[in-house]
Amino acid sequence: TPASVGPFTVVLLGDNGVGKSALASIFAGASDSMGSECELYGGEVFEQTIPVDGERATVTLLDMWDSQDEGSWTQERCLQTGDAFIIVYAITDRSSFLHASELRIQLRREREADRTPIILVGNKCDLVRCREVSISEGRASAAVFDCKFIETSAAMQHNVWPLFEGIIRQLRLRRDSL
Ligand code: GDP
Ligand code: MG
């Protein structure tokens with residue numbers, strides 16, 4: 001098998017209940033043989049090697065963010081260890097969207113001046129009748145904070161792989177520009 005790039009550490013951030021673990025379990029379920037899983041600091045860590053544009057990339061996905069645990073050691077570790085970040089809100093929950101912006105500001109403060117890839121994710125896009133955040137608001141917020149944007153539905157498995165592929169492409173672009 002050809003060599004793969006990485007491992008890249010990708011960290012899931014966002015309010016409790018927005019669907020981080022649902023997204024992580026789709027990532028984890030990609031294959032039974034290559035993926036591995038373990039528990040760390042009360043959260044979960046998943047590793048997968050994924051082919052993107054003909055190159056294999058190994059990603060370690062951290063699902064251990066607890067939004068109730070403000071300022072904790074685990075939160076600090078999460079913000080410091082990521083090579084890239086997935087900031088998730090639920091399109092059905094405006095406060096999770098506002099908190100996503102705060103997380104972006106917090107990340108910029110902690111990771112000053114480095115071009116850490118970030119994707120803003122509006123999850124639960126299957127719940128159209130309960131939508132509280134429009135696609136254009138999501139897009140505009142991502143533009144303001146200089147990150148990528150995608151809407152997903154973990155429940156419908158919609159746009160979940162494009163999300164992970166997108167973060168890998170950003171990581172490669174950043175690597176190639178160093
Ligand atoms: P976390 O706290 O961010 O890890 O959120 P979870 O992954 O535990 O999800 C919280 C709840 O939202 C669970 O009941 C999930 O089944 C549900 N959920 C997660 N993603 C989606 C989605 O895309 N659509 C819908 N309808 N429900 C979702
Ligand atoms: Mg969770």
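Order of appearance sets the numbers: ligands from 1, and atoms from 1 within every ligand. Quick caveat: nothing in here was measured; it's all calculated off a predicted structure.
- Summarising the local packing, CD of Glu70 is surrounded by 12 or fewer heavy atoms from other residues, nucleotides or ligands at distances under 6.0 Å.
- A side-chain N or O of Glu47 and one of Thr60 form a donor-acceptor pair less than 3.5 Å apart.
- Remark: Asp53 engages Arg169, Arg172 in a salt bridge (Lys or Arg N to Asp or Glu O under 4.0 Å) (not counting sequence neighbours).
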| task | Before giving the answer on salt bridge (Lys or Arg N to Asp or Glu O under 4.0 Å), spell out for Glu151 and Arg139 the whole-Å C-alpha distance, their side-chain angles and the decisive distance to 0.1 Å. | result | CA-CA 9 Å; Glu151 280 199 352; Arg139 222 178 259 138; over 6 Å; no
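- Within the protein, the number of N/O/S atoms found under 2.8 Å from the Mg ion (ligand 2) is 1.
- Listed by first then second residue, pairs satisfying side-chain hydrogen bond (donor to acceptor under 3.5 Å, both in side chains) with a partner in residues 8-17 read Asp15-His99, Asn16-Asp66, Asn16-Ser67, not counting sequence neighbours.
- Side-chain atoms of Asn123 come within 3.5 Å of backbone atoms of Val18 as a donor-acceptor pair (strictly under, hydrogens ignored).
- Listed by chain and residue number, the protein contacts of ligand 1 are Asp15, Asn16, Gly17, Val18, Gly19, Lys20, Ser21, Ala22, Asn123, Lys124, Asp126, Leu127, Ser153, Ala154, Ala155 (heavy atom within 4.0 angstrom).
- At a cut-off of 3.5 Å, with distance as the only test, no side-chain donor of Ser4 or Thr49 sits close to an acceptor on the other residue.
- Remark: side-chain polar atoms of Arg131 are not paired, donor with acceptor, to backbone N or O of Ile91 under 3.5 angstrom.
- Looking at Gln75, its side chain does come within 3.5 Å of a backbone N or O of Gly71 through a donor-acceptor pair.
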